[in-house]
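To start, the structure itself, in structure tokens.
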Amino acid sequence: MITLPSNQIAYLTALRHDLHCRPEVSGDEVETARRITRELTALGADRIWQGLGGHGVAAEFTGRAPGPTVLLRCELDGLPIREINTIPHASQIDGKGHLCGHDGHMATLLGVAMRLATRPAKGRIVLLFQPAEETGAGAQAVIEDPQWPEIRPDYAFAYHNVPGRPLGEIGLRSGPANCASRGMQILLTGKSSHAAAPEDGLSPGLAMATLMTALPALSRGTIADADFTLATLTHANLGEPAFGIAPADGELRVTLRTMTNEGMDALINTALHKVAQAQGELVTDIHWHDVFRGVVNDADATDIARRVAHDLGHEVVEMATPMRWSEDFGRIGDDGTKAAMLYVGAGTDMPQLHNPDYDFPDALLPVVIDQFTGIVDRILGLPDT
């Protein structure tokens with residue numbers, strides 16, 4: 001297998017810095033998608049799909065003989081977080097930043113595209129630049145897009161960089177790999193009254209106080225437990241900021257998290273029961289946001305990634321427990337695709353993901369480009385020249 005030469009790594013590094021300067025949040029990735037499309041066109045992709053599930057882009061590199069389809073996925077979107085870095089390529093968009101490393105993930109797949117100038121022996125590779133990963137909406141929108149049947153892969157791989165782990169370490173786990181999660185928004189509506197006569201109104205205060213205790217109490221165990229559940233209270237609002245009004249309206253936001261999708265179904269039912277018990281005569285509306293299915297890594301796909309990592313001499317860690325954070329990649333394997341997520345160390349001294357001073361480590365690019373190219377080589381075969 002051929003590693004990209006230094007001039008191409010330098011180009012990808014500069015491209016990554018440029019993407020970092022111009023982040024676009026979920027659903028707004030218009031210019032990012034255009035830039036990616038230009039790069040893929042210049043690299044000679046055999047086919048390009050645009051507008052996938054919003055602003056998604058996919059590119060096909062066709063092998064010389066029939067064979068399976070291998071999909072590699074990355075993300076287009078940044079975050080609505082103000083970056084505080086003083087680096088030359090810091091975000092130029094106020095209140096937005098590539099503080100999860102998706103700029104590096106995009107540069108990685110473009111590096112794989114460079115390597116695919118020499119086509120595989122068989123099958124095809126599809127590089128997917130997915131929109132709206134951060135909200136959990138992007139993968140589902142891509143799969144529901146009319147263009148998806150033309151793309152649907154036999155194998156799918158993705159990675160996420162993991163601060164706090166040694167640079168370049170490859171973390172792997174067959175089975176549950178990222179938690180399922182969703183945001184639960186509870187709106188309580190009663191009747192306002194004068195603060196001197198609260199009995200003439202219907203305040204959501206007591207119901208909110210009950211739920212602020214009852215819902216977090218649904219948390220059970222640790223991530224090492226199969227029945228792990230976590231309910232995190234993230235927001236509460238009651239009435240108006242005044243002294244003369246007994247409140248009519250209240251809002252709670254809670255994030256639900258479980259090891260498995262089946263566990264999420266059970267936790268939702270229990271949470272809904274707690275709300276019904278507390279609401280009394282109040283009118284309650286419940287809305288769901290940022291819905292992520294759990295990532296479940298296929299054993300065969302994970303083993304392929306493991307063998308490649310060992311062949312390349314990468315440090316490999318078998319993860320004892322899943323990641324507590326969620327990933328939109330979980331939907332890619334819903335229809336039988338053999339899918340696996342890799343977790344690549346970004347350095348032990350790196351700020352955490354979504355921190356305002358996070359920046360993807362450029363030294364990771366050649367590591368993951370080689371890893372993904374090796375996966376393609378193992379499944380489809382890549383010439384040495």
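These numbers come from the heavy atoms of this one structure, side chains and all, not from hydrogens, waters or symmetry mates. Numbers here simply count residues along the sequence, with the first being 1.
Expressed to the nearest 0.5 Å, how far NE2 of H17 lies from NE2 of H89 amounts to 4.0 Å. The CG atom of L188 sits 9.5 Å away from the OG atom of S203 when rounded to the nearest 0.5 Å. Residue L4 holds its CG atom at 5.0 Å from CD1 of I369, rounded to the nearest 0.5 Å.
L79 and F292 fall into different hydrophobic clusters, defined by Ile, Leu, Val, Met, Phe, Trp and Tyr side-chain heavy atoms under 4.5 Å apart, directly or through other members. In this structure, I304 is a member of the same hydrophobic cluster as L380, with clusters built from ILVMFWY side-chain heavy atoms closer than 4.5 Å. Under a hydrophobic clustering in which Ile, Leu, Val, Met, Phe, Trp and Tyr are joined whenever their side-chain heavy atoms come within less than 4.5 Å, directly or via other members, Y11 and I9 fall into the same cluster. Placement of L76 and I93 in two distinct hydrophobic clusters is found when ILVMFWY residues are connected by side-chain heavy-atom separations under 4.5 Å, directly or transitively. L267 is connected to L233 through a chain of hydrophobic side-chain contacts under 4.5 Å among Ile, Leu, Val, Met, Phe, Trp and Tyr, so both are in one cluster.
Within the 4.5 Å cutoff, side-chain heavy atoms of I245 are placed close to those of S192. Residues M106 and L127 have side chains not in contact (no heavy-atom distance under 4.5 Å, counting atoms from C-beta outward). Side-chain contact between V112 and L72 is present, with heavy atoms from C-beta onward closer than 4.5 Å. Side-chain contact between Q185 and H235: absent, with no pair of heavy atoms (C-beta onward) separated by less than 4.5 Å.
Under 4.0 Å is where a charged nitrogen must lie from a carboxylate oxygen, and between E83 and K96 no such pair does. Ion pairing between a basic and an acidic side chain is recognised when a charged N comes within 4.0 Å of a carboxylate O; R307 and D303 show such pairing. Between D46 and R119 there is a salt bridge, since at least one side-chain N of the basic residue sits less than 4.0 Å from a carboxylate O of the acidic one. Comment: R82 does not engage D94 in a salt bridge, judged by the lack of any side-chain N to carboxylate O separation of less than 4.0 angstrom. Ion pairing of D334 with R293 is present here, as a side-chain N (NZ or NE/NH1/NH2) and a carboxylate O approach within less than 4.0 Å. Taking a cutoff of 4.0 Å between a charged side-chain nitrogen and a carboxylate oxygen, E39 and R35 qualify as a salt bridge. Salt bridge absent: D377 and R115 never bring a charged side-chain N and a carboxylate O closer than 4.0 Å. For R73 and E327, the salt-bridge test passes: some basic side-chain N is under 4.0 Å from an acidic carboxylate O. A salt bridge links D335 with R152: the closest approach of a Lys/Arg side-chain nitrogen to an acidic carboxylate oxygen falls below 4.0 angstrom.
For the 3.5 Å distance criterion, the side chains of T32 and E24 qualify, holding a donor opposite an acceptor. Residues T234 and R253 bring no donor and acceptor atom of their side chains to less than 3.5 Å of each other. Counted by atom type alone, R257 and S326 present one or more donor-acceptor pairs between their side chains at under 3.5 Å.
Within a 6.0 Å sphere centred on CD of Q147, other residues, nucleotides and ligands contribute more than 12 heavy atoms.
Looking only at distances, no side-chain donor or acceptor of N355 sits under 3.5 Å from a matching main-chain atom of D357. In this structure, Q8 contributes its side chain and G111 its backbone to no donor-acceptor pair below 3.5 Å. Put simply, the side chain of N261 gets close to the backbone of G294: a donor and an acceptor are under 3.5 Å apart. For N161 (side chain) and G104 (main-chain N/O), no donor-acceptor pair under 3.5 Å exists by modelled atom type. In terms of modelled atom types and a separation under 3.5 Å, the side chain of D225 and the main chain of D227 share no donor-acceptor contact.
Below 30°, between 30° and 60°, or above 60°: for H102 and H105 the angle between ring planes is between 30° and 60°, a tilted geometry. Relative orientation of the H20 and H98 rings is tilted, given thresholds of 30° and 60° on the angle between their planes.
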Self-check item: side chain to side chain donor-acceptor pair (under 3.5 Å) between T373 and Q371, worked out
Solution: CA-CA 6 Å; T373 303; Q371 175 70 30; over 6 Å; no

Please test T302 against S174 for side chain to side chain donor-acceptor pair (under 3.5 Å), starting from the C-alpha separation and ending with a verdict. CA-CA 6 Å; T302 304; S174 181; 4.6 Å; no

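Shown here for E134 and G78, the closest heavy-atom pair between the two residues is CG-O, 3.9 Å.
When the options F329, W325, Y343 are evaluated for a ring-ring contact (aromatic ring centres under 6.0 Å, His included) with H160, the one that passes is W325.
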